[in-house]
Amino acid sequence: MAMLYQAVYRRASFLWCRLHSTYVRKMRYLFELKEDDGLCRQAQNSGTFYLFHNLFPFLQKVGSKHLAPQISASELKRILKKFKQNKQKLEDSVLIGCSDECMAYFALDLGSLEKMDIESELKGSFTELWKAFFQLDGKDASLLSLAQALLRWHDTHKYCSKTGQPTQKNLAGSKRVCHTNGIIYYPQMSPVVITLVSDGSRCLLARQASFPQGMYSALAGFCDVGETLEETVRREVAEEVGLEVKSMWYSASQHWPFPNSSLMIACHATVWPQQNEIRVNKLELEAATWFSLEEVVEALRREPRPLKQEDGRFSLWLPPKWAIAHQLIQEWVKQQSNMPA
Ligand SMILES: NC(=O)C1=CN([C@@H]2O[C@H](COP(=O)(O)OP(=O)(O)OC[C@H]3O[C@@H](n4cnc5c(N)ncnc54)[C@H](OP(=O)(O)O)[C@@H]3O)[C@@H](O)[C@H]2O)C=CC1
Ligand SMILES: [Mg+2]
């Protein structure tokens, strides 16, 4: 009976795969991997791995580009064996996605091994995620950002906050369970709004003292408990630059691994043109200024890195393309260019 059931299930899965789009098939496959430890174990033995060392992703330089290589399960087992690690270590990995052909991608932190040994074995280096972000294309950057966020969450949630007992991760790493009381913990992220404020003809960009020289971005702030997104936008704009929002609308969202794991919710906002005097909150920001369309267009053309001018000051530059702040600024430029003169 069980064999008959399995055969029917396999046939149904086969037909399901033939009938559905690649996207739907991938999502259903990832869902199954999260629910079924046995299936996930099989996938770990045939999938590919992004490696980390104490949360620093492993990168290789190819020509002038940096890549985040995917290491096959067999190559990873060879490396683990060479460094006298049990192949069981594969099970510490977390699932981060799959290819169109449903080959699973995992991320594994090899922080217990000597960093330099792995670097010389694999001919690459473990690089701080923030630096890696500037060197990678968008797809690799978002996979590494998800991977780091999940690995960090598991590393910091090894114990149940109610019983103090160890928690255990499911194979895919989509949750942890405290087996003494059955509490399930799911990875968390903090909602953050990022708002590009306009007074009709100019946009407001700000910088924190910790930003690299010359870099300005849109206003960002964590949502407080109990707030709607609209309330967070209004509060953050009032708190940081002393302005009252007249209208706002949602644009897009992005996962962001800094400082831990945030969901960046990007919005545009307008303020009354007659009430646009900025009063910077110096506890939060170093500076905030209105910029004209021409200044912003020129800054978008610049490389996203500090550029010292002859007078010793730094030119305005903006967050790189994959940062949602960049997308907001591009959208604003497009809106301005479409406005009647
Ligand atoms: N993707 C993008 O394009 C951009 C992303 N960002 C990101 O937006 C995020 C928020 O921007 P920021 O201006 O710093 O935010 P805020 O203006 O909210 O200020 C940060 C402060 O908020 C407090 N805080 C409240 N809740 C949290 C929480 N859940 N996690 C951490 N700190 C919290 C902390 O204060 P205390 O330490 O005193 O407790 C922290 O120093 C940053 O992580 C930044 O990297 C920013 C700009 C562009
Ligand atoms: Mg802020």
Side-chain angles (χ1 to χ4, degrees), residues 55 128-134 136-146 148-149 152-153 156-157 161 186-198 203-243 245 248 250-269 278-289 291 296 299-300 302 304-306 316-333:
L55 301 179
E128 235 178 298
L129 185 62
W130 178 246
K131 289 183 190 150
F133 252 53
F134 283 94
L136 292 165
D137 75 19
K139 184 178 149 281
D140 276 350
S142 65
L143 265 182
L144 292 188
S145 127
L146 157 68
Q148 196 210 48
R152 177 188 283 116
W153 182 81
T156 51
H157 289 77
S161 54
Y186 294 98
Q188 291 157 346
M189 53 185 181
S190 307
V192 175
V193 294
I194 174 153
T195 311
L196 187 64
V197 177
S198 170
C203 78
L204 194 162
L205 298 171
R207 53 174 280 110
Q208 295 178 8
S210 58
F211 285 9
Q213 298 274 23
M215 189 187 105
Y216 278 72
S217 186
L219 300 175
F222 289 91
C223 295
D224 281 349
V225 169
E227 270 183 340
T228 63
L229 294 181
E230 292 81 352
E231 285 166 345
T232 312
V233 169
R234 285 171 66 87
R235 176 181 56 75
E236 281 291 334
V237 174
E239 261 179 28
E240 297 197 346
V241 290
L243 293 172
V245 166
M248 58 153 292
Y250 168 79
S251 166
S253 62
Q254 173 183 54
H255 175 255
W256 193 244
F258 314 107
N260 286 313
S261 184
S262 303
L263 177 65
M264 304 294 305
I265 302 141
C267 299
H268 290 276
I278 298 170
R279 279 170 294 131
V280 177
N281 180 341
K282 288 283 182 181
L283 290 176
E284 297 264 335
L285 298 174
E286 185 182 74
T289 315
F291 289 93
V296 173
L300 282 171
R302 287 195 191 105
R305 68 170 85 101
L316 168 68
W317 62 279
L318 302 169
K321 285 198 174 68
W322 40 258
I324 203 149
H326 187 101
Q327 190 177 317
L328 276 177
I329 296 165
Q330 287 276 17
E331 281 172 0
W332 179 78
V333 166

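Start at 1 and go down the list; that is how both ligands and their atoms are numbered. These numbers come from a predicted model, not from an experiment.
Closest non-hydrogen pair, C223 versus T232, comes out as SG-OG1, 3.6 Å.
In terms of polar-atom proximity, defined here as any N/O pair under 3.5 Å, Q254 does make such a contact with ligand 1. Where the criterion is an N or O separation shorter than 3.5 Å, residue side chain and backbone included, A325 meets it with respect to ligand 1. Residue F258 places at least one N or O, backbone or side chain, under 3.5 Å from an N or O of ligand 1.
Heavy atoms of Q327 come nearer than 4.0 angstrom to ligand 1 in no pair at all. In this structure, P319 has no heavy atom closer than 4.0 Å to ligand 1. For the pair E239 and ligand 1, no heavy-atom separation below 4.0 Å is found.
A 6.0 Å sphere centred on CZ of R305 holds no more than 12 heavy atoms belonging to other residues, nucleotides or ligands.
As for E240, its N/O/S atom nearest the Mg ion (ligand 2) is the one called OE2.
Closest to atom 32 (N) of ligand 1, if we only count protein heavy atoms, is F222 CE1, 3.4 Å. Residue, atom and distance of the protein heavy atom nearest to atom 19 (O) of ligand 1 are E284 OE1, 3.7 Å. At the shortest separation from atom 16 (P) of ligand 1 among protein heavy atoms lies G221 CA, 3.6 Å. In this structure, atom 6 (N) of ligand 1 lies nearest to the protein heavy atom M264 CE, 3.6 Å. With respect to atom 17 (O) of ligand 1, the closest heavy atom belonging to the protein is E240 OE2, 2.8 Å.
A heavy-atom distance below 4.5 Å is not found between the side chains of V192 and W256.
Within 4.0 Å of atom 8 (O) of ligand 1, at least one protein heavy atom is present. Remark: atom 38 (O) of ligand 1 lies closer than 4.0 Å to no protein heavy atom. Closer than 4.0 Å to atom 34 (C) of ligand 1 lies none of the heavy atoms of the protein.
Contact annotation: for H326 versus ligand 1, there are no heavy atoms closer than 4.0 Å. The part of W256 lying near ligand 1 is the side chain, judged by heavy-atom distances below 4.0 Å. At a 4.0 Å heavy-atom cut-off, ligand 1 touches S217 through the side chain alone. With a 4.0 Å heavy-atom cut-off, ligand 1 is reached by the side chain of I194 but not by its N, CA, C or O.
No donor-acceptor distance shorter than 3.5 angstrom exists from the side chain of E286 to the backbone of R207, with no hydrogens or angles considered. Looking only at distances, a side-chain donor or acceptor of Q254 sits under 3.5 Å from a matching main-chain atom of W322.
A side-chain donor-acceptor contact under 3.5 Å links S251 and E331. Side-chain contact check for S261 and H255: at least one donor-acceptor pair (N or O, by modelled atom type) lies under 3.5 Å.
Distance check for E284 against the Mg ion (ligand 2): none of its N/O/S atoms falls below 2.8 Å. At least one N/O/S atom of A220, whether from backbone or side chain, sits less than 2.8 Å from the Mg ion (ligand 2).
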Before you tell me yes or no, could you show the steps for S253 and L263 under side chain to side chain contact (heavy atoms under 4.5 Å, CB included), namely the whole-Å CA-CA distance, both residues' side-chain angles and the distance that decides it to 0.1 Å?
CA-CA 7 Å; S253 62; L263 177 65; 4.3 Å; yes
